[in-house]
Amino acid sequence: MVPGKRVMSEKGLRRKEIRAARDLKRVMSDYYYRMDRISRGEDGKIAWCTSVGPAELLRAFGFEVHYPENHSAILGAARTAMDYIPLANAIGYSPEICSYLASDVGAYLKGETPLSCLYPGIESVPKPDLLAYNTNQCRDVQEWFEFYGREFRVPVVGINTPRALVEIRDIDIANVVGQLKAMIPTLEEVSGEKFDIDRFKESLRLSRRCSELWGEVLGLAKHLPSPWTFFDGTIHMGPAVCLRGTQEAIDYYEVLKQELKERIESGVAAVEGERFRLYWEGMPIWGKLRDLSEQFSELRACVVVSTYCNSWIFSAFDENNPFESMAQAYTEIFINRAERVKEEYIAKMVREYQVDGIIFHDSRTCPNNSNARYGMPQRLEKRLGLPCLVIDADLNDLRCYSEEQTRTNIEAFIEQLAQT
Ligand code: SF4
């Protein structure tokens, strides 16, 4: 029996269900219900954290951690973001800024959340006792968290990381370490617990293991044909983002790894008859994941690697050097680096994953995670001798997405690959 049940999509295309998705559902559901109970008065505290913020330090104080960006991605995938963005615009948040921020704030203003549909009984996002950001990804997260700090009247703590770095210097790490340590008195006060270095080390150890496993499962896509795609990865990354620093995330990725290895051993390809292997650069287009996944499958092209999914591999974590290694891990992330470092990274991934072409998503409201604006596609085409396609769209705001144009451009791109 070949693992990977085939599922007929609405368009009659074949997509292969990952069995571990059932476990994923349970893990994510336990996580959201746990936060909901705390929100309703059960023992515990909730911290909101940016997606590459100081989660391990928060968990060391016993906080359950909510990630507004994850909530925004759900709004995007549910295609409801456009209902909410105008509400944030109406209170002064520009249509040009991050559509994650605008859709999340808009949903809050309207008193709605897609969590209510996904998890019956949950009426709102969990209420924060504290908000913690890191500007290693962008400044939008700071403004986003400051908004909620005012709304909920809770402390906002943050790290302002040096940006766009070529080298990570000792002075940068010392700067971030100082800011991490400066958070501790507020974390102690809000959590009611004293800082315990052993608890922090344990949280980092768990996070590092999660990160290693996440890196391993992503790395299985190096196999020809690939057992899974970038589009699968965007779904299965939930625990790597929201539950890093917990045993649950580790257990989940052990299960997923096993299944993907079985696929490889049995010769199961995520994309039947894989002809082309692609790199996805930039944010996902959350409301179009299924359509794009099906179009690429139809064209026998597999998106095998992405900057986005790889962004939650934190190789530097080391529980024996907790503050410095955490500062290193969260400062050296791709989004926080200079163009030339990003280019080197992509070139390396292209070689390792045997990529035939690169898709750049130029996301209208996220310049921070769009790398097609300063000539990178042209430089990489020349350097690597493979074609790049730039798709103009947005992570959440589908008003910036042209279905027709995107489909046509992708078709033409694959045709170009077939001729090279
Ligand atoms: S990195 Fe982009 S999508 Fe993420 S919070 Fe910042 S502006 Fe928004």
Side-chain angles (χ1 to χ4, degrees), residues 24-25 27-40 45-53 55 58 63-88 91 93 97-134 137-138 140-152 154 156 234-244 249 283-287 289 308 311-312 363 365-366 369 394-398:
L24 175 68
K25 252 188 184 165
V27 168
M28 296 309 288
S29 149
D30 288 351
Y31 162 66
Y32 275 111
Y33 279 118
R34 192 161 60 238
M35 287 195 291
D36 191 54
R37 288 194 302 276
I38 295 172
S39 222
R40 291 170 189 269
K45 299 278 181 189
I46 290 172
W48 289 13
C49 185
T50 51
S51 64
V52 276
L58 299 171
F63 286 103
E64 192 52 78
V65 187
H66 169 71
Y67 297 85
E69 286 153 81
N70 179 249
H71 186 249
S72 301
I74 299 173
L75 290 167
R79 302 186 196 186
T80 51
M82 288 73 67
D83 300 341
Y84 302 124
I85 291 169
L87 296 171
I91 62 160
Y93 289 85
I97 61 157
C98 172
S99 61
Y100 263 2
L101 182 167
S103 47
D104 186 62
V105 165
Y108 165 81
L109 293 171
K110 204 166 179 190
E112 292 179 356
T113 170
L115 298 178
S116 304
C117 295
L118 292 171
Y119 309 111
I122 293 183
E123 288 167 7
S124 67
V125 289
K127 293 189 184 54
D129 296 290
L130 172 125
L131 301 145
Y133 66 81
N134 190 337
Q137 57 186 101
C138 63
D140 295 60
V141 291
Q142 183 173 1
E143 307 309 332
W144 189 353
F145 277 38
E146 291 289 353
F147 168 82
Y148 284 122
R150 291 189 293 273
E151 287 294 311
F152 290 105
V154 296
V156 183
T234 58
I235 308 301
H236 289 267
M237 69 193 293
V241 178
C242 301
L243 287 159
R244 62 184 193 271
M283 296 294 293
I285 305 169
W286 288 107
L289 286 183
Y308 186 72
S311 295
W312 278 268
S363 186
T365 69
C366 178
N369 226 356
D394 188 61
L395 56 151
N396 262 19
D397 191 343
L398 292 180

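Throughout, numbering of the chain's residues begins at 1 and tracks the sequence. Worth saying up front: this structure is predicted, and the values here are computed from it rather than measured.
Rounded to the nearest 0.5 angstrom, Arg150 CZ and Leu131 CG are separated by 11.0 Å. From Leu395, atom CG reaches atom CG of Asn369 across 9.0 Å, with rounding to the nearest 0.5 Å. Rounding to the nearest 0.5 Å gives a distance of 11.0 Å between CD1 of Ile285 and CG of Asn396.
Taking the side chain as every heavy atom from C-beta outward, Ile38 and Pro126 never approach each other to under 4.5 Å. Residues Tyr133 and Trp144 have side chains not in contact (no heavy-atom distance under 4.5 Å, counting atoms from C-beta outward). In this structure, Leu75 and Pro114 have side chains that are in contact, with non-hydrogen atoms separated by less than 4.5 Å. Within the 4.5 Å cutoff, the side chain of Trp286 has heavy atoms near those of the Thr234 side chain. The side-chain heavy atoms of Cys242 and Met28, taken from C-beta on, include a pair separated by under 4.5 Å. In this structure, the side chains of Phe147 and Glu143 stay at 4.5 Å or more apart for every pair of heavy atoms.
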Run the numbers on Tyr93 and Ile85 for side chain to side chain contact (heavy atoms under 4.5 Å, CB included), then give the verdict. CA-CA 9 Å; Tyr93 289 85; Ile85 291 169; over 6 Å; no
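The heavy-atom pair separating Asn134 from Thr50 by the smallest distance is N-OG1, 3.1 Å. In this structure, Ser51 and Trp312 approach most closely via the heavy-atom pair O-NE1, 3.2 Å. Contact detail for Lys45 and Asp129: the closest heavy-atom pair is CA-OD2, 3.3 Å. What you find for Val52 and Gln137 is that their closest heavy atoms are CG2-OE1, 3.4 Å. In this structure, His66 and Ile46 approach most closely via the heavy-atom pair CB-CG2, 4.4 Å. Closest of all the heavy-atom pairs between Pro68 and Cys49 is CD-O, 3.5 Å.
Residues passing the side chain to side chain contact (heavy atoms under 4.5 Å, CB included) test with Arg34, sequence neighbours excluded: Asp30, Tyr31, Arg37, Glu64, Leu243, Glu248. Checked against side-chain hydrogen bond (donor to acceptor under 3.5 Å, both in side chains), Asp394 has the following partners two or more places apart in sequence or in another chain: Ser99, Ser363, Thr365. Glu146 is linked by a side-chain hydrogen bond (donor to acceptor under 3.5 Å, both in side chains) to nothing, counting only residues two or more places apart in sequence or in another chain. With sequence neighbours excluded, the residues forming a salt bridge (Lys or Arg N to Asp or Glu O under 4.0 Å) with Asp397 are Arg399, listed by chain and number. Residues satisfying the ring-ring contact (aromatic ring centres under 6.0 Å, His included) test with Tyr119, not counting sequence neighbours, are Tyr32, Tyr33. Taking Asp36 as the reference, Arg40 meet the side-chain hydrogen bond (donor to acceptor under 3.5 Å, both in side chains) condition, with sequence neighbours excluded. Under the side chain to side chain contact (heavy atoms under 4.5 Å, CB included) criterion, Asp83 pairs with Thr80, sequence neighbours left out. A search for side-chain hydrogen bond (donor to acceptor under 3.5 Å, both in side chains) contacts involving Tyr67 returns nothing, not counting sequence neighbours. Taking the ring-ring contact (aromatic ring centres under 6.0 Å, His included) definition, one finds that His71 meets it with nothing, sequence neighbours left out. Legend: residues meeting side chain to side chain contact (heavy atoms under 4.5 Å, CB included) with Lys127, ordered by chain and number and at least two apart, are Ser39, Ser124, Phe152. For Asp140, the side chain to side chain contact (heavy atoms under 4.5 Å, CB included) partners two or more places apart in sequence, or in a different chain, are Ile97, Cys98, Leu101, Cys138, Asn368.
Looking at Ser103, its side chain never comes within 3.5 Å of a backbone N or O of Ser72 through a donor-acceptor pair.
Remark: the Glu69 side chain and the Tyr100 side chain contain no N/O donor-acceptor pair separated by less than 3.5 Å.
Within the structure, salt bridge (Lys or Arg N to Asp or Glu O under 4.0 Å) contacts touching residues 104-123 (residues at least two apart or in different chains) do not occur.
Exactly one residue among Val105, Val156, Val154 makes a side chain to side chain contact (heavy atoms under 4.5 Å, CB included) with Tyr148. That residue is Val105.
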